[in-house]
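Reviewing the structure listed below.
Heavy-atom basis, side chains included; hydrogens, waters and symmetry copies ignored.
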Protein chains: 2
Amino acid sequence: MAASGSPTWLDGGEATAWRRFIAVVELLPGILDAQLRRDAGLTHFDYIVLTTLSEATDHTLRMSRLARETNATLPRLSHVASRLEKRGLVERVASDDDRRATDITLTETGWAKVVATAPGHVDTVRANVIDLLDPEDIADLDRLMAKILVRLDPDHRMAGRG
Amino acid sequence: MAASGSPTWLDGGEATAWRRFIAVVELLPGILDAQLRRDAGLTHFDYIVLTTLSEATDHTLRMSRLARETNATLPRLSHVASRLEKRGLVERVASDDDRRATDITLTETGWAKVVATAPGHVDTVRANVIDLLDPEDIADLDRLMAKILVRLDPDHRMAGRG
DNA sequence: GATGAATTGTTGTCGCGGCAAGCGAAGCTA
DNA sequence: TAGCTTCGCTTGCCGCGACAACAATTCATC
């Protein structure tokens, strides 16, 4: 490291932008977690898992695929799945075609949970981010995050649809 | 909630931008933590604490003030300070003018740690964010994050300098 | 097909952060 | 100065996530 063509420190404009960016990155997860935990007893990651399943065909995905799409390690997803399964929100069954694999499915209860939880979450997202930005800002945000994801997520694991 | 003037869900452009934004918000902290932990045995938050102290006069701040500037709760900062103190990177002394208060100071060792750690961290920041964006992008990023921080950090606690 | 390597998940341990409770100091009221 | 409240910080407990070790299956190569 420390041998790139770029200067070793950030200039004024870069430093300010970085500080603000980091502040948002540190603060936002807490906001999302707090609302979901308070209103639904879910982590933000729990919510992402449930909604990702809700968008899959048959409300089912292979564990490894779900891990990739939610940007989680397999151990993390396994732990989360255990908790959600205990609460009856998902079910896991060994796959037929590959007996190493496990398919995880959203239960009816889990689907109802998603439906009940989504509006409040969306309100939080709007109140803290989306509604603070005008359409041009949204386009800029999309463009910037896409550029950064080229590095952070080179395989487009989180591409999903859209 | 659920009674704002905005629609209850996100339209296509908003949804895509939000997904990408959330992906970055989830992935970036791990990148920063991993590099700092590997190369310096520090959390990103540890690093923020140390650098914030390094920019303060006399390398000293009151705990409550440091907590505000680093966006931490007091318990969190207290835990972190204990660990850093055990490693000899900071010192805590009871304040004179208010004997409830504690002043935390960067030691010589701590200062050396910051100096040794900063270049690698900056390289990581550049490689994963800054150098992927052109000057206009940086300006856009700054503008967008400032807008969001109006909500997330209304008191401008993290304003610092700049 | 037999053996070694790679893939898929689970489990165990540990560290960090949130929250609530606690403690001492300072301020406030009379 | 007595008593109550507020402030500043610390501590303890618990949950989540990372990492490593492990078990089970499948694939690859010969």
Spacing between A:Leu36 atom CG and D:dG15 atom P, to the nearest angstrom: 19 Å
The single option from B:Asp142, B:Leu141, B:Leu144, B:Asp153 passing side chain to side chain contact (heavy atoms under 4.5 Å, CB included) against A:Arg20: B:Asp142
Closest-nucleotide 5' rank along DNA chain D - winner of A:Asp46 and B:Ala34: A:Asp46
Below 4.0 Å: OP1/OP2 of C:dG9 and any side-chain N or O of A:Ser78: no
Nearest-angstrom distance from the residue atom NE2 of B:His79 to C1' of D:dT11: 6 Å
A:Arg92: which of A:Leu84, A:Ile104, A:Asp103 passes side chain to side chain contact (heavy atoms under 4.5 Å, CB included): A:Ile104
Whole angstrom value for the distance that separates P of C:dT8 from CE of A:Met63: 12 Å
Residue closer to the 5' end of DNA chain C, A:Thr102 versus B:Asp96 (nearest nucleotide): A:Thr102
Side-chain heavy atoms of B:Asp46 within contact of B:Leu36, under 4.5 Å: no
OP1 or OP2 of C:dG9 under 4.0 Å from side-chain N/O of A:Ser64: yes
Whole-Å gap separating C1' (C:dT11) and CZ (A:Arg92): 11 Å
Pairwise side-chain contact, A:Val90 with A:Leu50, heavy-atom cut-off 4.5 Å (strictly under): yes
A:Thr43 side-chain proximity, nearest of D:dC16, C:dA26, C:dT10: D:dC16
B:Leu74 CG to C:dA21 P, straight-line distance once rounded to whole Å: 17 Å
Whole-Å gap separating C1' (D:dC9) and CG (B:Asp98): 11 Å
Atom-to-atom span, CZ of A:Arg100 to P of C:dT10 - whole angstrom: 13 Å
B:Asp39 and B:His121, any side-chain heavy atoms less than 4.5 Å apart: no
Phosphate contact (C:dC16 OP1 or OP2) by B:Arg83 side-chain N/O below 4.0 Å: yes
Gap between atoms CZ and C1', on A:Arg62 and D:dT26 respectively (whole Å): 12 Å
